[in-house]
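Worksheet: one structure, shown below.
Indexing begins at 1, ligand by ligand and atom by atom, following the structure's order.
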Amino acid sequence: MQFDREAFLRETDRILHAEYETDLRSATNKELYNALSRAVMGLCWEDWSKERRTQKKRCGYFSAEFLMGRAIFSNLLNLGLLEDAREALSSVQRDLNDFEEVEDAALGNGGLGRLAACYLESAASMNIPLDGYGIRYRYGLFRQTFVDGYQHEEGDDWTKWGDPWSVRVERDAVIVSFADQKVRAVPYDMPIFGYRNGVVNTLRLWASEPVQEFDFAAFNEMHGEHTAQENFAATKITDVLYPNDNTMVGKILRLRQQYFMVSASLQDIMRKQKEKGADLRELDRAYCFQLNDTHPVIAIPELLRLLQAEGLTFEEAFGVCSRCFNFTNHTILAEALEKWDALALSDILPNVFREIEKCQQRLQAEGQGDKFYIIRDNVVHMANLAIYVSARVNGVAEIHTNILKRETFRDWYERTPEKFVNITNGITPRRWMLLNNPKMVAQIDSRIGTAWHTDLKRLQEMKGHIEDMLPVFGAIKRENKQKLADYIRVHEGVELSPDFIFDVQVKRLHEYKRQLLNAFSILYFYYAIKDGEITDFPPTAFIFGAKAAPGYYNAKGIIKYINEIAKLVNADEQVSKFMKVVFVQNYNVSYAEKIVCAADVSEQISLAGMEASGTSNMKFMLNGTVTLGTLDGANVEICEEAGRENNYIFGATVEEVAAIKQFYCPREIAEGNHKLKRVLETLVNGTFSDDKGMLRHIYDSLLNDYNPDRFLVLYDFADYVRVKEQLLRDYGTQDFDRKCLVNMASVGKFSADRSVTDYNELIWKLNG
Ligand SMILES: *Cc1c(COP(=O)(O)O)cnc(C)c1O
């Protein structure tokens, strides 16, 4: 994009005068941020409306979550304006970095929502017409602080500084009806900029509002007179993101959110098709939809309903749906697979429920017995509905798709094997390298050019430059570590030295991800140092970041436990020379950007078979980090790409896990390993304060529950500690840095550019 600094500053200044009665010099950071962002939007609207006017087939990515992070730097980068804007501001004595105070758009929980964000960016960069459809939550994922080591949650007012990157599109508002409620859905569109290619796709997020004024007659018919109470209920639907990751919520308000977003999106799309005079029987010529997990699956019966309301027969409508919808599964955890009570669903959405019943009848009429069902014992199984109707079903890493085929959806796979495909997840190299690690990028560019920015496989060309990269790699990594250490000193009050190994585990807090295993290993090393058994421990900073779902008791207990360990270790004069522990508060996308380029070790230690893919493993790999992990999710493919010998793999394999579980007795393992036992006892022996009984609860879940230690923490402990100690001892050698660089050079497969290209070739077939 041609950039005219003077014109840009004039426009920013004009907006500052018009909107805030101020100017470039005296505007607050917040005012300047809004004006500058709006000035950038002004440069792009033509490209944006051009994209919307094209007649190409488009894919709607339906997702209850989009974990976008901060927009301004990423948008400027993709528009090629990052340095221009920085210089323009500094010419008037202002600093672009001041916008680091802008809150993240955290309209998602973790990996699933971040994946959606990466895919939108990558699709725009690959010129694939993919648009996101979701919910404009008033409050995103809670802001986390620690009080006395316990997680404390606060509301996330993500538009506190305004929302200059969204446009409210009043003309596209629609009404969404529930049995007991009608609400108005108003879309807010965000531009999704491709990387320096002029493509602008759209993320359309719907906000709920009271229907009154807009369609007073319809509302009166529905409710009699309106009350403040009912208006409150209407806005409430999109008030807040449910903070659960990998668990089913089971709340009716959540179902209302899901229906609200898909009904609004489909009504909007159908209206546009009708305005064009298109035949709705051929909707699949203009659109297809990717369902991001089961959360938006209620779109299927809703589209059936809408099409029949337009005169199609059920079979015609079913045909359209079976060509339009595709379903991505993200987990095999039973507690995450969505099931809705049939009575509750039929109460609030009777017409939609009727369509689900018709699908069930159609399925049963195929006469394959009761192996296949959508509704059973008055429970609606959303994944089964999705698989039955969708054209394609995909898992998100090879190992995960194989588990879906062999176990989770085995019968369905045998019925229609051609539906099942694998598309391994990916991350965008723009946000996760170009933006957060510019010095490393400059070094790579000077050796192999810039083609890898949009063709990550070409980072392989670095394999011929590893030897001469070694010194600069070490120097830049150290700088990144120093920056992170500075940030952590200010925000967490813990002093870290960049001479320490940075060993990092950041991701949602979940028992299957096994932060507890990491914590136990730290205490194990702690006691070994105290006892003088280890006198030469390689100095290491163990860094954690994770939010726990507010209702997930054990997850919160694990946060408290690690914070207590941190307090113990960091205050110990003898041990803190060798190790520090810090749990950073409010881990989010912006924190992740700072962390992944400063890590030496990427902890990916879930029980094999439990992590569908993982994507933070890819972010670390891209920035030149070795993985300490199990053969789970995309770790398996990381080893295939970068070589197992360049990573640190431990633990039971997925094949072993099932056999182990049959006769598993964690108590026996604890009794047979007195060092592990000593660590375990800290959960109950008063080493740490536990006034709420949280640590004891963890202890019981490992040793005393009916199904103790579900995630084999004790089983994998010995192997984990062995491999981890080896890794820490390898650190500091050139060999270790070589491994880091081989990982970086081998990361190509894990670009989201490759993922969306796979989706397009195997499923969407856009641009065809
Ligand atoms: C990438 C990312 C995740 C996903 O992490 P996993 O380790 O793959 O579970 C979660 N949260 C944030 C903020 C992220 O950036």
Side-chain angles (χ1 to χ4, degrees), residues 63 65-70 74 103-122 140-144 156 158 241 243-247 292-293 330-331 333 336 396-397 399-400 424-433 435-437 504-515 517-518 543-549 555 584-599 601-607 610-623 625 627-630 632-638 747 750-752 755:
S63 180
E65 303 187 14
F66 288 91
L67 187 47
M68 301 301 284
R70 207 177 272 140
S74 162
E103 299 287 328
D104 277 25
L107 309 185
N109 274 290
L112 174 148
R114 185 53 231 173
L115 187 79
C118 279
Y119 282 2
L120 293 184
E121 195 277 347
S122 274
L141 184 60
F142 65 87
R143 163 175 273 288
Q144 176 199 55
D156 160 63
W158 68 279
L241 166 74
N244 302 62
D245 185 71
N246 274 305
T247 45
N292 197 26
D293 212 316
H330 286 273
T331 179
L333 286 172
V396 292
I399 185 177
H400 168 61
T424 298
N425 282 167
I427 54 161
T428 166
R430 271 74 61 186
R431 185 180 288 269
W432 296 112
M433 180 76 154
L435 200 57
N436 69 333
N437 204 350
V504 181
Q505 186 174 19
V506 288
K507 49 187 69 257
R508 280 301 287 257
L509 205 311
H510 206 295
E511 283 161 291
Y512 85 80
K513 291 176 181 280
R514 301 201 294 191
Q515 283 92 350
L517 180 57
N518 192 346
I543 301 169
F544 293 84
K547 291 179 184 177
V584 305
Q585 299 170 88
N586 203 43
Y587 175 62
N588 61 8
V589 170
S590 290
Y591 224 136
E593 290 169 20
K594 296 178 171 65
I595 288 172
V596 296
C597 59
V601 185
S602 157
E603 298 251 9
Q604 308 297 338
I605 60 178
S606 52
L607 174 63
M610 293 292 152
E611 187 76 271
S613 163
T615 49
S616 76
N617 45 3
M618 303 168 184
K619 300 167 196 166
F620 286 106
M621 183 188 189
L622 173 58
N623 285 274
T625 304
T627 297
L628 169 55
T630 50
D632 197 16
N635 300 353
V636 177
E637 290 158 76
I638 286 176
V747 76
F750 306 107
S751 171
S755 305

### Message
Going by the closest heavy atom to atom 5 (O) of ligand 1, which one wins out of Gly108, Ser616, Cys118, Gly113?
### Response
Ser616
### Message
Below a 4.0 angstrom heavy-atom separation, can you tell me which part of Tyr587, side chain or backbone, both or neither, approaches ligand 1?
### Response
side chain
### Query
Does CZ in Arg143 sit with more than 12 non-hydrogen atoms of other residues, nucleotides or ligands closer than 6.0 Å?
no
### Message
Using modelled atom types and a 3.5 Å cut-off, is there a donor and acceptor pairing between side-chain atoms of Gln515 and backbone atoms of Arg508?
### Response
yes
### Contact atoms of ligand 1, heavy-atom distance to Gly110 under 4.0 Å
10 (C), 11 (N)
### Query
With a 4.0 Å cut-off, would you call Glu121 and Arg431 a salt bridge?
no
### Query
Just heavy atoms, cut-off under 4.0 Å: does Asn617 contact ligand 1 by side chain, backbone, both, or neither?
neither
### Task
Work out which heavy atom in Ser613 is nearest to a heavy atom in Met618; give both atom names and the distance.
OG-CE, 3.6 Å
### Task
Under 4.0 Å, heavy atoms only, figure out whether ligand 1 is touched by the backbone of Phe620, its side chain, both or neither.
neither
### Message
Which residue and atom name correspond to the protein heavy atom nearest atom 14 (C) of ligand 1, and how close is it?
### Response
Lys619 NZ, 2.9 Å
### Query
Taking only residues two or more places apart in sequence or in another chain, which ones pass side-chain hydrogen bond (donor to acceptor under 3.5 Å, both in side chains) with Asn437?
Asn480, Asn623
### Message
Heavy-atom distances under 4.0 Å decide this one: backbone, side chain, both or neither, for Lys513 against ligand 1?
### Response
side chain
### Query
Within the structure, does Thr615 bring an N/O atom to less than 3.5 angstrom of an N/O atom in ligand 1?
yes
### Message
I want to check something: taking the side chain as every heavy atom from C-beta on, are Tyr591 and Val596 in contact at a cut-off of under 4.5 Å?
### Response
no
### Task
Say whether Arg114, considering both its backbone and side-chain N or O atoms, lies within less than 3.5 Å of an N or O atom on ligand 1.
no
### Query
Does Glu603 pair with Lys507 as a salt bridge, N-O distance under 4.0 Å?
no
## Note on the structure
Scanning both residues in full, the closest heavy-atom pair of Leu241 with Ala106 reads CD2-O, 4.0 Å
### Message
For ligand 1 and Asn588, I'd like to know whether there is a polar contact (N/O to N/O, distance under 3.5 Å).
### Response
no
### Message
Give the atom numbers and elements of ligand 1 that come within less than 4.0 Å of a heavy atom of Gly111.
### Response
3 (C), 4 (C), 10 (C)
### Query
Which atoms from ligand 1 have a heavy atom of Val506 less than 4.0 Å away?
7 (O)
### Query
Relative to the heavy atoms of Gly614, which atoms of ligand 1 are at a distance of less than 4.0 Å?
8 (O)
### Task
Calculate, to the nearest 0.5 Å, the distance between atoms CG and CG belonging to Asn588 and Asn586 respectively.
5.0 Å
### Query
Going by the order shown, which atoms of ligand 1 are within less than 4.0 Å of some heavy atom of Trp432?
15 (O)
